Amino acid sequence: EVQLVESGGGLVQPGGSLRLSCAASGFTFNIYWMHWVRQVPGKGLVWVARIDSDGRSVNYADSVKGRFTISRDNAKNTLYLQMNSLRAEDTAVYFCVRDKTIVIHDTFDTWGQGTMVTVSS
Amino acid sequence: DIQMTQSPSSLSASVGDRVTITCQASQDITNYLNWYQQKPGKPPKLLIYDASNLETGVPSRFSGSGSGTDFTLTISSLQPEDIGTYYCQQFDDLLLTFGGGTKVEIK
């Protein structure tokens with residue numbers, strides 16, 4: 001079964017840091033592009049970041065560029081999101097997401113259950 | 001960034017009704033448009049990709065159409081299990097964006 005399981009969320013003070021992890025299983029992780037998408041509870045979806053299959057190419061939403069870093073460890077089948085200089089507006093559920101196929105990019109067919117990040121003093 | 005505008009923001013319809021949700025892009029995105037369904041407390045689920053292709057396992061009452069800037073998701077006969085929020089998403093631009101969502105309820 002294809003599965004994505006996020007972890008690492010929690011409560012952090014403004015200006016603080018947090019690293020999210022996403023453990024992938026049931027598919028060949030190292031050939032898929034991966035993404036992070038976030039959602040404020042009760043609000044809409046916002047794409048955060050993308051990483052290609054070997055980690056050489058990354059892209060970020062303007063709202064997180066320079067503060068967040070997406071990375072992956074293909075040997076561990078794990079995706080990461082390092083979040084620094086966190087702000088209240090970063091409070092959201094963060095989803096780990098997989099591309100539909102290795103050639104159909106930016107179309108999300110597999111989602112994790114999400115991990116909640118709360119930035120508050 | 002490409003802005004995606006969905007309408008309506010919410011709707012209430014009866015079981016068996018034909019439901020139409022529209023999504024408008026701020027610029028031409030050809031057919032680089034996907035539709036997702038999200039139920040409360042769950043992650044989104046891919047319904048339609050490339051504007052009109054039905055994802056495997058999705059009931060045939062769902063269909064997508066459109067190209068350029070104007071797109072439509074249609075549920076031909078609304079069922080109770082179709083309640084939730086629907087989102088469009090463009091992938092023409094490197095920076096991906098979603099529409100604001102359309103909440104579908106049963107009357």
Side-chain angles (χ1 to χ4, degrees), chain A residues 1-6 9 20 22 24 27 32-52 57-66 68 70 79 92-116, chain B residues 1-10 21 23 25-26 29-58 62 64 71 73 84-105:
Chain A
E1 179 193 4
V2 174
Q3 198 169 11
L4 299 170
V5 179
E6 303 94 338
L20 306 183
C22 169
F27 65 100
Y32 283 86
W33 291 19
M34 299 292 295
H35 305 253
W36 289 97
V37 173
R38 69 185 182 185
Q39 184 174 37
V40 174
K43 302 296 185 183
L45 300 164
V46 177
W47 173 80
V48 172
R50 169 202 295 110
I51 187 167
D52 70 356
S57 177
V58 298
N59 302 100
Y60 300 94
D62 291 342
S63 58
V64 306
K65 199 169 186 178
F68 289 13
I70 187 172
L79 176 73
V93 174
Y94 285 74
F95 294 103
C96 170
V97 185
R98 191 196 79 169
D99 269 353
K100 177 173 166 61
T101 74
I102 63 173
V103 294
I104 300 178
H105 297 306
D106 298 340
T107 293
F108 310 136
D109 81 327
T110 303
W111 298 65
Q113 289 300 309
T115 186
M116 183 71 204
Chain B
D1 295 8
I2 298 175
Q3 307 304 314
M4 306 300 293
T5 304
Q6 278 184 244
S7 62
S9 57
S10 65
I21 299 168
C23 179
S26 59
I29 60 170
T30 57
N31 69 329
Y32 297 136
L33 189 285
N34 301 319
W35 290 97
Y36 301 86
Q37 174 197 61
Q38 186 177 30
K39 299 190 177 185
K42 298 290 188 181
K45 172 188 173 183
L46 179 65
L47 296 178
I48 303 285
Y49 64 97
D50 293 348
S52 60
N53 293 314
L54 192 68
E55 174 69 346
T56 302
V58 174
F62 290 93
F71 302 86
L73 173 69
T85 303
Y86 293 79
Y87 296 93
C88 60
Q89 174 239 329
Q90 67 78 22
F91 57 103
D92 179 71
D93 187 65
L94 201 61
L95 303 186
L96 311 178
T97 47
F98 291 87
T102 297
K103 186 174 184 179
V104 174
E105 299 175 323

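Since we're looking at a predicted model, the values are computed, not measured. Residue numbers begin at 1 in each chain, while the letters A, B, ... track the order of the sequences.
Between B:Leu95 atom CG and A:Ser63 atom OG the span is 9.5 Å, to the nearest 0.5 Å. Atom OG1 of A:Thr107 is separated from atom CG of B:Asn34 by 3.5 Å, given to the nearest 0.5 angstrom. Note that the NE2 atom of A:His35 and the CG atom of B:Leu96 stand 6.5 Å from one another [nearest 0.5 Å].
Chosen from B:Leu46, B:Thr85, B:Leu94, B:Thr97, the residue pairing most often with chain A at heavy-atom distances under 4.5 Å is B:Leu94. When A:Val37, A:Val46, A:Asn59 are compared by the number of non-hydrogen pairs under 4.5 Å with chain B, A:Asn59 comes out ahead. Contacts with chain B were tallied for A:Lys43, A:Arg50, A:Gln113; A:Arg50 has the most, counting heavy-atom pairs under 4.5 Å. Of the listed residues (B:Glu55, B:Lys42, B:Lys45), the one with the most heavy-atom contacts under 4.5 Å to chain A is B:Glu55.
For B:Lys39, the NZ atom is densely surrounded, since the number of other residues' heavy atoms within 6.0 Å is greater than 12.
The aromatic rings of B:Phe98 and A:Phe108 lie tilted to each other, with the angle between the two planes from 30° to 60°.
Nearest heavy-atom pair across A:Gln39 and B:Tyr87 is NE2-OH, 3.4 Å. Minimum interatomic distance between A:Phe95 and B:Pro43 (heavy atoms only, all atoms of both residues): CE2-CB, 3.8 Å.
Contact annotation for B:Gln38: only side-chain heavy atoms (C-beta onward) come within less than 4.5 Å of a heavy atom of chain A. If you measure heavy-atom distances from B:Pro44 to chain A, the contacts under 4.5 Å come from both the backbone and the side chain. Looking at B:Tyr32, neither its backbone nor its side chain comes within 4.5 Å of chain A, counting heavy atoms on both sides. Proximity to chain B (any heavy atom under 4.5 Å) is restricted, for A:His105, to the backbone atoms N, CA, C and O.
Panel note: side chain B:Gln89, backbone A:Asp106; a donor-acceptor pair is recorded below 3.5 Å.
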